[in-house]
There are 2 protein chains.
Amino acid sequence: MKEGPDISHIAALIGDPARANILTALMDGRALTASELAEEAGVGLSTASGHLSKLAEAELIAPRKSGRHKYFNLADAEVAGVLESLMGLAARRGTTRVRTGPRDAQMQVARVCYNHLAGQLGVQMYSKLLAQGVLMEDGEDVALTASGRDFMTAFGIDLDALEKGRTRLCRSCLDWSERRTHLAGSLGRAMLTCMEQKGWMSRETGSRAIHVTKAGQVAFADMFGVD
Amino acid sequence: MKEGPDISHIAALIGDPARANILTALMDGRALTASELAEEAGVGLSTASGHLSKLAEAELIAPRKSGRHKYFNLADAEVAGVLESLMGLAARRGTTRVRTGPRDAQMQVARVCYNHLAGQLGVQMYSKLLAQGVLMEDGEDVALTASGRDFMTAFGIDLDALEKGRTRLCRSCLDWSERRTHLAGSLGRAMLTCMEQKGWMSRETGSRAIHVTKAGQVAFADMFGVD
DNA sequence: GGAATGCTTCGGTTACGATCGAACTATGAA
DNA sequence: TTCATAGTTCGATCGTAACCGAAGCATTCC
């Protein structure tokens, strides 16, 4: 029949939607854990685990153990290149991904990313905080301004306590759905906790989706809404 | 979950063994009929027909009717590029398809790639042309030098005629088996034709393998051999 | 130590799609 | 016209693999 390497095996690996999601999620170079990738892929943890071992066996991704977590990266630049070129093909063909899932619409609005707020509300809050001078961007970094400290204290956050922790106070995090940054770091986490305590939002168990209460919608729009 | 182009659909198309066989068979740029492709893929005609329409719908291949035959080509160079890079991945991973056919060894030495010479002889010739100053690389591009024009004319190639055509004179093409570049473009094509006319080589029908005559081996080594 | 978290393995279900043969259409040859 | 070749469509069969939940390890936290 034909010579040449066996394309189909590798292509079939990329060809499963869940695995394609996993690979795409790894495209930005970050290392993600199995659980995070399961979320990204939209499948259960056990399913994702199976996918991950297949991908690792084919050396498309590289696992790395760290404590009780297992982090995954794309294996090398060549793999990233192949994915990139596949994306190019797919994009040109106009087959943009249609993502059907019941939780998806809600997730687009508000969801948990690690421990902080992501989704439309996340980026909205972030840009508002920038506009109000609470945060200040400096290249890839983001920092709290002097007046920002007052704002956060008034919001109900104990900055001193946060700064004792070893995680950075402010970090920016790229949002996959919005393609814009939102606030991460211990401050981002504290703000989400704070909004939960205020009764603005509540996390749904077993999902990354965040439910926003009626009162929360009003208060959030009042404080972070666009003018 | 994430936005972005839908990789998985296209990858899944390539991921089926029968379809992968079809695509690989088309890699050399020849147009093949549905029956021929069914044969290559090792499936029945009806099955192949289904595969072909899926591939065509995704614009990975381009159908062309001619009489009661239907010819298929790869849609464009981008598709070929994706397949090449997938082959590269698969080759590095060591998942070479075990195809111990008699022609395989020969293919490694010399074969047709879209109309020009590929395989060991292809890359050997290319690097020699570079070393002799006939060709000059400029980033990803490759061009014919002034002295190179004399060389080609002496070789028996009508450069003026080639330059009237709309395909680029010189292009470099990555070889999956050698993982090095060889000469493509209308010049690459003309050189192969020329060497056939000189009686150095002859294409075997129904295969990409190129047979090198005794006289051709001597002449080729004399002109393009390593010192 | 126990509790909690992160991941893997196993068993059983389910669904999708690859496959074939047969019937059907279209084009060309005799 | 009739026959032959090339391809498509249809219906039915059959395997494979994706999926989940539950149970099992492993690691860290308290």
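Labels below follow one simple rule: chain letters A, B, ... track the order of the sequence lines, proteins then strands, and each chain is numbered from 1.
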What is the distance from CG of A:Leu37 to P of D:dA18, rounded to the nearest Å?
-> 16 Å
Establish, with yes or no, whether the OP1 or OP2 oxygen of D:dA18 is under 4.0 angstrom from a side-chain nitrogen or oxygen of A:Thr47.
-> no
Atom-to-atom span, CG of B:Asp16 to C1' of D:dT16 - whole angstrom | 12 Å
Checking D:dC19, C:dT8, D:dG7 against the side chain of A:Ser49 (C-beta onward), the nearest is C:dT8
Minimum-distance nucleotide (side-chain atoms of B:Lys70 versus C:dC20, D:dT8, C:dA18) | D:dT8
Are any non-hydrogen side-chain atoms of B:His182 and B:Arg171 less than 4.5 angstrom apart?
-> no
Protein-nucleotide distance (A:His51, atom NE2; C:dC7, atom P), rounded to Å = 16 Å
Among C:dA18, C:dC7, D:dG7, the one nearest any side-chain atom of A:Ser35 is C:dC7
Expressed in angstrom and rounded to an integer, what is the separation of B:Glu36 atom CD from D:dA6 atom C1'?
-> 12 Å
Do B:Tyr71 and B:Leu32 come within less than 4.5 Å of each other through their side chains, counting heavy atoms only?
-> no
A:Thr213 side chain near A:Met201 side chain, heavy-atom distance below 4.5 Å = no
Give the rounded distance in Å between these two atoms: NE2 of A:His9 and P of D:dT16.
-> 15 Å
Hey, does A:Leu60 have a side-chain heavy atom less than 4.5 Å from the side chain of A:Leu74?
-> no
Sub-4.5 Å side-chain heavy-atom contact between A:Leu183 and A:Leu117 | no
Compare side-chain N and O positions of B:His69 against OP1 and OP2 of C:dG28 and report whether any pair is under 4.0 Å apart.
-> no
Using a cut-off of under 3.5 Å, enumerate the N/O to N/O pairs linking the protein to nucleotides 25-30 of chain D.
none

For B:Tyr71 and D:dT5, what is the distance between atoms OH and P respectively, to the nearest whole Å?
-> 16 Å
Do A:Lys198 and A:Phe220 meet the cation-pi criteria used here (NZ or CZ under 6.0 Å from the six-membered ring centre, within 45° of the axis)?
-> no
Is A:Gln132 close to A:Phe151 at the side-chain level, that is, under 4.5 Å between some pair of heavy atoms?
-> yes
Does any residue of residues 53-61 of chain B have a heavy atom under 4.0 Å from DNA chain D, and if so, which ones, in number order?
-> none
Roughly, in whole Å, what's the span from CG in A:Leu45 to C1' in D:dC19?
-> 13 Å
State, with a plain yes or no, whether a side-chain heavy atom of B:Leu13 is found less than 4.5 Å away from one of B:Leu23.
-> no
Contact class for A:Ser46 vs. all strands (heavy atom < 4.0 Å): base, sugar-phosphate, or nothing?
-> base
Any side-chain heavy-atom pair of B:Glu84 and B:Met27 under 4.5 Å = yes
Between C:dC7 (P) and A:Arg64 (CZ): distance, integer Å | 13 Å
Quick one: on DNA chain D, does A:Gly44 or B:Ala48 contact a more 5' nucleotide (nearest heavy atom)?
-> B:Ala48
Report yes or no: do B:His116 and B:Arg189 form a side-chain donor-acceptor pair below 3.5 Å?
-> no
Which part of the nucleic acid, if any, lies within reach of A:Ala18 when heavy atoms closer than 4.0 Å are counted: base, sugar-phosphate only, or nothing?
-> sugar-phosphate
